[in-house]
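Here is the structure we will look at, set down as structure tokens.
In the text below, chain A, chain B and the rest are named by the order of the sequence lines, each starting its count at 1.
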Amino acid sequence: MATHCKEYEFSQIEPHWQSFWESDHTFRAPNDTSKPKFYALDMFPYPSGAGLHIGHPEGYTATDIISRAKHAQGLNVLHPMGWDAFGLPAEQHAVKTGTHPASNTQNNISNFKRQLKALGFSYDWEREIDTTDPRYYRWTQWIFLQLFKRGLAYVDERPVWWCPELRTVLANEEVVDGTSEVGHYPVERRNLRQWVLRITAYAERLLADLKDVDWPDSTKRMQEAWIGRSEGAELLFELENKSLGDLKVFTTRPDTLFGATYMVIAPEHPMVAALTTPEQRDAVEAYRKKAAAKSDLERTDLAKEKSGVFSGSYAINPVNGTRLPIWIADYVLMGYGTGAIMAVPAHDDRDYEFAVQYQLPIIQVIESPASAEGASPKLPYTGEGKLIHSGPFTGLDWREAKKRITADLTAQSRGKATVNYKLRDWLFSRQRYWGEPFPIVWVSEADYLKALVARKSDMPEQPVTYTNQGVTHFALPLPEVSLPLTLPDVQSYLPSGTGESPLANVTEWLQIWINFETGQAVPASQPKPEGAAWIRGHRETNTMPQWAGSCWYYLRFIDPKNERAVADPKLLQYWGVPDLYVGGAEHAVLHLLYARFWHKVLFDAGVVPQSEPFKKLFHQGIILGEDGEKMSKSRGNVVNPDAIIASHGADTLRLYLMFLGPLEAMKPWNPRGIEGVHRFLQKVWRECIGEDGGVNPKISENAQEPAELTKLLHETIKKVTEDIDALRFNTAISQMMIFANTLQKASAVKRTTALALIQLLAPFAPHLAEELWARLGNQASVLFGPWPKYDASKLVATEIKLVVQVNGKHRGELMVAVGTTQDQAVAAANENAKIAAFLAGKTVKRVVFVPGKILNIVVE
RNA sequence: GCCCGGGUGGUGGAAUGGCAGACACGACGGUCUUAGAAGCCGUUACCGUAAGGUGUGCAGGUUCAAGUCCUGUCCCGGGCACCA
């Protein structure tokens with residue numbers, strides 16, 4: 001049922017159809033496995049207090065257009081939405097106001113939901129999920145347990161930002177210029193006990209499987225760079241002081257071994273103390289202290305100037321016995337390779353800079369183009385070439401030398417080929433309240449061993465432990481049946497003050513008797529319950545980072561209410577992974593890499609049937625303010641979607657967001673441009689609806705519409721259909737505008753022609769389309785199609801325009817019959833007075849003829 | 001420093017190596033109107049009255065033909081940054 005307005009009154013039409021869709025359950029995605037499916041996914045938002053930003057509906061409109069078009073094309077479409085609702089702002093709000101973060105979060109969610117509904121997105125709201133809902137995070141915890149029992153989760157001391165004044169841990173983004181963002185107090189690095197996920201165990205697969213996904217090249221390259229695979233060799237250098245054994249280094253350039261003139265170890269290297277001679281002790285100690293005080297940030301920030309100190313010891317070059325002084329310098333990082341290098345200043349920029357600074361020798365061992373010609377070589381030379389000054393290897397190509405030298409040293413047990421990755425294990429805990437609690441209880445070794453007998457399949461091969469004040473605690477996973485482990489109520493959301501989360505102050509929740517078979521717990525203040533499975537323990541106080549919930553949400557949409565599994569295996573099989581995933585490029589590395597990691601673990605666990613979560617990925621571009629600057633409150637250039645919906649309607653906003661330019665481009669918002677698309681929608685209305693509110697009298701079942709209009713319709717169906725599939729919405733809209741302009745000029749229009757236009761427009765401007773579709777006599781939603789098909793025979797013309805060039809310059813056009821030959825075309829050109837003038841008195845040298853397109857006559 | 005992406009009218013942008021500027025915005029003129037709004041019809045890259053010439057950041061090159069391919073260079077945006 002349509003509305004009764006006579007003019008295009010979007011403020012009546014849009015709410016009307018939104019409530020129709022809701023009561024009709026138009027967007028429900030049935031688990032009808034007999035139909036082909038299409039799964040279109042948006043990156044779900046963090047429901048901030050500020051509400052929807054104009055950037056949100058950009059990507060969401062794109063997936064909505066695809067979803068609606070696929071629906072009309074007969075596919076079973078899954079197009080869900082949910083909330084990534086754990087996060088810092090809600091916690092900060094709770095600290096400030098003392099109210100539970102959940103209540104503020106729920107308010108924000110309902111505001112977001114209202115705004116999304118006002119945009120008319122075809123989400124199946126019955127599949128809505130919320131990462132802070134215990135029914136959801138129960139499975140986040142369950143997945144953590146899968147990682148845990150596979151030995152992919154461990155505990156380690158890791159440095160975090162600590163602010164003594166605020167007595168709290170800060171996230172990277174809360175630290176600005178070495179002070180806290182709040183109050184500008186000094187911050188320092190402090191080691192805290194952290195959960196870490198062993199993502200490095202999947203480095204090779206995360207890299208290799210990038211070849212199987214349809215992603216933007218730039219995003220693939222960013223992930224490749226982040227994983228940072230490099231092939232090289234680990235080499236053992238004998239130390240002059242033989243009692244100390246060997247020094248192991250990693251190098252990608254074993255071919256330059258003869259050019260090594262010194263060694264460097266990181267200040268944190270375990271052999272620093274042993275290698276430091278008594279006379280160097282003071283200098284080394286001072287240097288180590290200085291390096292330790294530097295943060296990671298400073299260490300990289302001060303990259304311009306290298307620093308180091310001589311240890312007093314020497315290593316022996318395995319290929320030629322040269323003595324190499326061992327230096328300690330912070331340009332070598334303990335976290336990569338072996339934390340020690342052989343320095344080849346002639347062929348490495350960093351070693352060169354250091355060698356010059358400390359006057360260390362530089363020996364060239366790879367021939368550069370300049371040195372090959374006898375000129376003085378420009379060092380450092382990092383390019384390719386033949387080996388020189390390299391004993392038996394002299395004259396070899398560098399690539400060959402790499403293999404030979406590595407093989408030689410391998411034969412002598414002094415080296416082996418290895419692969420290193422830049423990727424580090426993932427720091428997976430936060431000292432916060434508003435996150436998923438870890439389903440872990442810390443128990444004594446004796447109790448752990450007792451539990452191990454009953455729960456062997458839940459435990460990692462190596463127990464996870466930590467030691468505090470001489471006592472070692474063992475990580476006991478909660479039984480799966482006892483999940484979720486919910487967040488307890490707390491008195492205060494303020495951090496504990498010791499660097500632990502506020503949960504550390506909830507003694508009743510923290511200190512417990514736990515039944516290791518059932519996971520039941522009672523506060524330790526109460527008497528121990530009867531039974532051998534009851535043991536004493538304390539809960540983990542860290543919570544999971546925001547990434548956790550977003551790592552697997554695309555799976556939960558498939559079966560959001562399942563209480564027995566992440567999702568039903570049959571439905572995981574049917575819906576599979578998203579066919580299209582749209583979101584910002586700011587998640588190119590972390591979110592997408594973490595989610596791929598979890599997905600692969602779930603694949604290995606047999607939970608999901610495919611090894612990659614996101615087949616096709618697309619990044620929408622950023623919408624800038626009117627001034628071409630990034631939108632921000634402080635600049636005052638923020639566009640509020642609510643205001644546009646009120647002034648022009650949701651359909652106009654959707655259409656304009658897509659018309660602004662290519663989806664992937666960064667583009668400025670132009671408030672005047674929106675009038676253009678609004679006028680277009682009004683024009684479509686007027687062409688369909690007469691002044692009296694009835695169907696425009698020019699539309700009729702058997703109208704004699706111009707042949708030109710029919711042909712253009714089929715061209716438009718073709719172009720719009722193809723452009724939607726390729727996510728080229730701006731050109732699709734422009735084609736519909738061209739069609740509407742032609743439609744307007746026609747005095748008679750077939751009803752089917754008008755209906756086809758409405759169907760093509762429906763994914764873009766669904767409210768208007770539903771209204772017109774109904775008024776032209778249809779009962780069911782326009783969403784149910786079927787999608788118009790173009791007739792290829794209608795596209796062929798009998799006459800076509802041929803562009804004529806003389807010497808490559810445009811000199812005229814000819815209308816010629818299809819199938820015109822080159823000779824006929826040249827003859828026609830000669831008969832055309834304008835073109836003939838340029839040919840008069842000239843000799844034709846060459847003729848280029850592209851049938852149906854161009855005739856280029858080259859003269860003289 | 002390294003790796004990407006991009007520079008096209010007054011503006012957003014369009015263009016399988018084949019008419020540069022589609023489609024819009026804005027501007028100007030016309031029509032309708034008592035007047036306006038809306039709608040409709042024109043014009044709108046630059047120089048030139050015109051014929052014509054010149055034009056896709058800049059300089060070259062390949063080609064019958066280059067916004068598109070190649071080389072160099074400048075500018076803007078993004079990512080990474082002592083990873084041996």
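B:G26: Watson-Crick or G-U partner is B:U44, with both key distances under 3.5 Å. Judged by Watson-Crick or G-U wobble contacts below 3.5 Å, the nucleotide B:G55 has no partner. With a 3.5 Å ceiling on both atom-pair distances, the Watson-Crick or G-U wobble partner of B:C69 is B:G61. With a 3.5 Å ceiling on both atom-pair distances, the Watson-Crick or G-U wobble partner of B:G39 is B:U31.
Nucleic acid contact for A:Tyr352: none, since no nucleic acid atom lies under 4.0 Å from a heavy atom of the residue. When heavy atoms are screened at a 4.0 angstrom cut-off, A:Val850 is found touching base atoms of the nucleic acid. Among the heavy atoms of the strands lying under 4.0 Å from A:Arg846 is at least one base atom, whether or not backbone atoms are also near. If you check every strand for non-hydrogen atoms under 4.0 Å, A:Lys667 touches sugar and phosphate atoms only. Residue-level contact check: A:Lys220 touches neither bases nor backbone, having no heavy atom under 4.0 Å from any strand. A:Arg229 comes within contact range of no nucleotide atom at all, as no heavy-atom separation falls under 4.0 Å. In this structure, A:Met342 reaches neither bases nor backbone, as no heavy-atom distance under 4.0 Å exists between it and the strands shown.
The NZ atom of A:Lys630 sits 10 Å away from the C1' atom of B:G77 (whole-angstrom rounding). Distance, A:Glu664 CD to B:C4 C1': 15 Å, rounded to whole Å. Between the NE2 atom of A:His587 and the P atom of B:G79 there is a distance of 13 Å, rounded to whole Å. Regarding A:Lys422, its NZ atom lies at a distance of 15 Å from the P atom of B:C2, rounded to whole Å. Residue A:Trp215 contributes atom CH2, which lies 18 Å from atom P of B:G5 at whole-angstrom precision. In this structure, the CD atom of A:Gln744 is 15 Å from the P atom of B:A38, given to the nearest Å. The CD-P distance, from A:Glu9 to B:A38, rounds to 18 Å in whole Å. The interatomic distance linking A:Ile622 (CD1) with B:C76 (C1') rounds to 15 Å, in whole Å.
The phosphate of B:G52 (OP1 or OP2) has no side-chain N or O of A:Lys809 nearer than 4.0 angstrom. Dashed line: the shortest gap from a side-chain N or O of A:Ser218 to OP1 or OP2 of B:C3 is not under 4.0 Å.
Comparing B:C47 with B:G9, their P atoms sit 14 Å apart, to the nearest whole Å. Using atom C1' as the reference point in both B:U8 and B:A20, the two lie 8 Å apart (nearest Å). Taking the P atoms as reference points, B:A38 lies 12 Å from B:C25, given to the whole Å. B:A66 and B:U71 are spaced 15 Å apart, taking the C1' atom of each and rounding to whole Å. Separation of the P atoms belonging to B:A15 and B:G6 is 13 Å when rounded to the nearest angstrom. For the P atoms, the distance linking B:G52 with B:G30 amounts to 30 Å, nearest Å. Straight-line distance between the P atoms of B:U73 and B:G1: roughly 13 Å, to the nearest whole Å. Nucleotides B:U62 and B:G12 place their P atoms 34 Å apart, quoted to the nearest Å.
Nucleotides of RNA chain B nearest to A:Ala665 and A:Gly228 differ in position, and the one nearer the 5' end is that of A:Ala665.
Anti is the conformation of B:G79, whose glycosidic angle sits further than 90° from 0.
Aromatic rings of A:Phe354 and A:Trp327 (six-membered ring for Trp) have centroids within the 6.0 Å cut-off, being under it. Less than 6.0 angstrom separates the ring centroid of A:His678 from the ring centroid of A:Phe10.
Residues A:Ser632 and A:Asn637 share a closest heavy-atom pair of N-OD1, 2.9 Å. Residue A:Ala340 comes nearest to A:Leu247 through the heavy atom pair CB-CD1, 4.1 Å, listed as atom of the first residue, atom of the second, then distance. The nearest pair of heavy atoms linking A:Leu333 to A:Ala266 is C-CB, 4.0 Å. Taking every heavy atom of both residues into account, A:Ile835 and A:Ala829 meet most closely at CB-O, 3.6 Å.
For A:Arg229 and A:Glu204, the salt-bridge test passes: some basic side-chain N is under 4.0 Å from an acidic carboxylate O.
Applying side-chain hydrogen bond (donor to acceptor under 3.5 Å, both in side chains) to A:Thr219 and the options A:His587, A:Glu224, A:His619 leaves one that passes, A:His619.
Side-chain contact between A:Ile857 and A:Gln805 is absent, with no heavy atoms from C-beta onward closer than 4.5 Å. Side-chain contact check for A:Arg679 versus A:Val677: every heavy-atom pair is 4.5 Å or farther apart.
Here B:G13 is the nucleotide among B:G52, B:G13, B:G77 with the atom lying nearest to any side-chain atom of A:Pro662. Nearest to the side chain of A:Asp330, among B:A84, B:A65, B:C82, sits B:C82. Minimum atom distance to the side chain of A:Trp226 is reached by B:C80, of the listed B:A84, B:C80, B:C82. With B:U16, B:G18, B:A84 as the choices, the nucleotide that has an atom nearest any side-chain atom of A:Lys853 turns out to be B:U16. If you check B:C40, B:C64, B:A84 against the side chain of A:Val858, the one that comes closest is B:C64.
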Q: Can you check each nucleotide of nucleotides 20-25 of chain B against protein heavy atoms at under 4.0 Å and return B for base, S for sugar-phosphate only, - for none, in 5' to 3' order?
A: --BBSS
